[in-house]
Amino acid sequence: MGDLRDIMAVTGQSSLFKYVSQGRNGIIVESLEDKKRTQVAASAKVSTLEDIAIFTDSEEVPLSELLKKMKEKEEGKEALSHLANIEELKKYFAELLPNYDRDRVYISDIKKVFKWYNLLIKNNLTDFEVSKEEVEGEEKPGIKTDDNKPHYVKPDVRSNVKGMRQDVKKSGMPTRVMSAAGKKSGGGKGE
């Protein structure tokens, strides 16, 4: 099983990467495609899959929701290849997310979603759930005051994530929320 907090997309790279450890000037990651480890520089733009959202006509839908729908539709198996006919990919994508914003979600984004989903399935990283604890915030003991009673605070979801995301923050690497790999990663409608 896997967790979307440990899987990341790096701008300029077509593969997905799994966090390994903190490096000297960035983080060490492992490609899900060829299992090669590499260092991602602190200046690189990195997004965990948990942070990626897809534009719709009314809101942004977390990538995790779309991945869950794909997993249900395909019964846990691989979906269409990202190399399939563009019209087939668009039709399938529209079945999963009928109101996706056709002006801001490019074909390159749609292809990445299919490629990423299939990579995750091949690597048995199929836990697309976001825990209720992270969504709702679980109350945890805070600082004790003079009366020696613990005070409870609701943690900020983004600042409470452990492991890789803390290391990314320590390294100073920028993170962002985008469309499914978004306009920021390039690619036009005609791709």
Side-chain angles (χ1 to χ4, degrees), residues 2-21 23 25-55 60-71 73-74 76-94 96-97 100-128 164-165 167-168 171 173-191:
D3 187 327
L4 295 184
R5 290 176 293 182
D6 296 330
I7 307 300
M8 65 181 65
V10 179
T11 298
Q13 302 289 326
S14 64
S15 186
L16 289 177
F17 299 89
K18 185 170 184 169
Y19 171 79
V20 176
S21 68
N25 296 314
I27 56 173
I28 308 298
V29 296
E30 181 178 281
S31 169
L32 293 186
E33 285 186 276
D34 59 16
K35 306 297 183 210
K36 290 184 181 176
R37 290 186 176 190
T38 187
Q39 180 166 315
V40 176
S43 60
K45 291 183 181 177
V46 174
S47 296
T48 65
L49 294 194
E50 180 183 67
D51 290 333
I52 297 175
I54 298 170
F55 293 116
E60 291 181 1
V61 173
L63 177 62
S64 60
E65 285 186 28
L66 185 62
L67 294 174
K68 282 189 282 189
K69 287 181 181 181
M70 291 177 83
K71 182 179 170 184
K73 181 176 171 98
E74 297 300 329
K77 297 179 182 146
E78 290 184 38
L80 282 174
S81 166
H82 66 287
L83 300 173
N85 176 290
I86 292 171
E87 294 308 314
E88 284 182 77
L89 292 172
K90 285 182 180 179
K91 181 180 175 186
Y92 188 114
F93 198 81
L96 298 171
L97 199 60
Y100 80 90
D101 188 330
R102 280 137 175 94
D103 292 329
R104 297 195 291 175
V105 178
Y106 301 120
I107 188 61
S108 59
D109 299 327
I110 293 171
K111 286 181 175 184
K112 281 184 184 177
V113 169
F114 282 94
K115 181 174 184 174
W116 292 352
Y117 171 81
N118 288 332
L119 266 175
L120 292 168
I121 295 297
K122 282 180 188 173
N123 285 276
N124 197 31
L125 299 168
T126 59
D127 183 7
F128 304 139
M164 185 275 302
R165 294 175 74 191
D167 288 342
V168 169
S171 72
M173 296 177 72
T175 60
R176 70 195 183 290
V177 176
M178 57 186 174
S179 73
K183 293 194 289 189
K184 295 179 183 178
S185 65
K189 290 183 183 181
E191 284 186 24

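Source: prediction; values computed, not measured. Computed over heavy atoms, backbone and side chain alike; hydrogens, waters and symmetry mates excluded.
- A donor-acceptor pair is defined here as one N or O able to donate and one able to accept, closer than 3.5 Å; such a pair exists between the side chain of Arg102 and the backbone of Tyr100.
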> Stepwise, does the side chain to side chain contact (heavy atoms under 4.5 Å, CB included) test hold for Ile107 with Lys90?
Replying inline: CA-CA 8 Å; Ile107 188 61; Lys90 285 182 180 179; 4.1 Å; yes
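- At least one cation-pi condition fails for Arg104 and Tyr106: the charged atom is not both under 6.0 angstrom from the six-membered ring centre and inside a 45 degree cone around its axis.
- Distance check, rounded to the nearest 0.5 Å: CZ of Arg37 to OG of Ser31 gives 12.0 Å.
- Of the candidates Val105, Ile52, Leu63, Leu63 is the only one forming a side chain to side chain contact (heavy atoms under 4.5 Å, CB included) with Val113.
- The shortest heavy-atom contact between Leu4 and Ser64 is CD1-CB, 3.5 Å.
- Across all non-hydrogen atoms, the minimal contact from Val10 to Ala44 is CG1-CB, 4.3 Å.
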> After noting the C-alpha distance and the side-chain angles of Leu89 and Lys111, does the key distance pass the side chain to side chain contact (heavy atoms under 4.5 Å, CB included) rule?
Replying inline: CA-CA 7 Å; Leu89 292 172; Lys111 286 181 175 184; 3.9 Å; yes
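- A distance-only check finds a donor-acceptor pair linking the side chain of Asp34 to the backbone of Lys36 [under 3.5 Å].
- Separating the OG1 atom in Thr38 from the CD1 atom in Ile28 is a distance of 7.5 Å, to the nearest 0.5 Å.
- In terms of heavy-atom proximity, Glu33 sits nearest to Leu119 at CG-CD2, 3.5 Å.
- Residues Gln39 and Gly23 come closest through the heavy atom pair OE1-CA, 4.4 Å.
- Within the 4.5 Å cutoff, the side chain of Phe17 has no heavy atoms near those of the Ile27 side chain.
- No donor-acceptor pair closer than 3.5 Å links the side chain of Lys73 to the backbone N or O of Leu96.
- Atom-to-atom distance recorded for Leu66:CG and Ile54:CD1 is 4.5 Å, nearest 0.5 angstrom.
- Here the straight-line distance linking atom OG1 of Thr48 with atom CZ of Arg5 works out to 9.0 Å at 0.5 Å rounding.
- Shown here for Glu74 and Tyr117, the closest heavy-atom pair between the two residues is CB-OH, 3.9 Å.
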> Would Glu30 and Lys35 count as a side chain to side chain contact (heavy atoms under 4.5 Å, CB included) if you check the C-alpha gap in whole Å, the side-chain angles of each, and the deciding distance to 0.1 Å?
Replying inline: CA-CA 6 Å; Glu30 181 178 281; Lys35 306 297 183 210; 3.8 Å; yes
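- Between Phe114 and Ala79, the shortest heavy-atom contact is CD2-CB, 4.2 Å.
- With values rounded to the nearest 0.5 angstrom, Lys18 atom NZ is found 8.5 Å from Asn123 atom CG.
- Taking CH2 of Trp116 as the reference point, atom CG of Asp109 lies at 8.0 Å (rounded to 0.5 Å).
- Side-chain atoms of Leu120 and Leu32, non-hydrogen and from C-beta on, do get closer than 4.5 Å to each other.
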